[in-house]
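Reviewing the structure listed below.
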Amino acid sequence: MDYDFTHDIYGAFRAEFSMGHEALGYWLTYELRSRQAVISELLRIIAELQNHQRIEYLMEGAEYNLLLTRDEAVVRAHALDSAFEEQQPEDNLVFYDQQSTASCGLDDFIEIIDGWQQFTSTE
């Protein structure tokens, strides 16, 4: 999984992830943003997961949720849980949801969050 932290044309923080992990970038950019207190709390919760003080953690966002377990982090769009999901596509068509969900191992997620925290604290 490749990713890059940049600024958009207005100077806002932006996370861009490789294909198949785009949802992580969207979640960082628009849900987590540069809220340092939330990032620190998230790192504390991850430490609790690693120390077996928690089984899992769910952070609900405006458009995406983050689910953390002791092994992985999963970002999933609310749209995937809508009634539209129950409809079957026509023959030879499939729903494209690669930009709506992404997951990675907890260790990789820690590296991402640490990097994002450093990047967004340099305003």
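Bear in mind the structure is a predicted one, so any value in this text is a computation, not a measurement.
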Exercise. Which heavy atom in M1 sits nearest to a heavy atom in L24, and how many Å separate them?
Worked result: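 Minimum heavy-atom separation between M1 and L24: SD-CD1, 3.8 Å.
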Problem set entry | Closest approach of G61 to H78 (non-hydrogen atoms, all atoms of both residues) |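 Closest approach of G61 to H78: O-CE1, 2.9 Å.
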Under a 3.5 Å distance rule, please check whether [X] uses its side chain to pair with a backbone N or O of [Y] as donor and acceptor.
X: N51; Y: Q53; answer: no
X: E31; Y: A62; answer: yes
X: Q50; Y: E48; answer: no
X: H52; Y: R70; answer: no

Just list the side-chain donor-acceptor pairs under 3.5 Å for residues 107-115, sequence neighbours left out, or say none.
residue, atom, partner, partner atom, Å
E111, OE2, Y3, OH, 3.4

Exercise. What class does the angle between the rings of F13 and F119 fall in, given that below 30° is parallel, 30 to 60° is tilted and above 60° is perpendicular?
Worked result: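 Answer is perpendicular, since the angle exceeds 60°.
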Exercise. Which residue, L58, L28, L32, L42, forms the side chain to side chain contact (heavy atoms under 4.5 Å, CB included) with L66?
Worked result: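 By the side chain to side chain contact (heavy atoms under 4.5 Å, CB included) criterion, L66 pairs with just one of L58, L28, L32, L42: L42.
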Problem set entry | Any side-chain donor near an acceptor of the partner, E63 and Y26, under 3.5 Å |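 E63 vs Y26: donor-acceptor pair found between side chains.
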Exercise. Roughly how far apart are Y64 OH and M59 CE, rounded to 0.5 Å?
Worked result: 16.0 Å
For this session: Spell out, yes or no, whether F5 and V38 are grouped together once hydrophobic residues are joined by side-chain heavy atoms under 4.5 Å, including indirect joins.
Result: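 Hydrophobic grouping puts F5 with V38.
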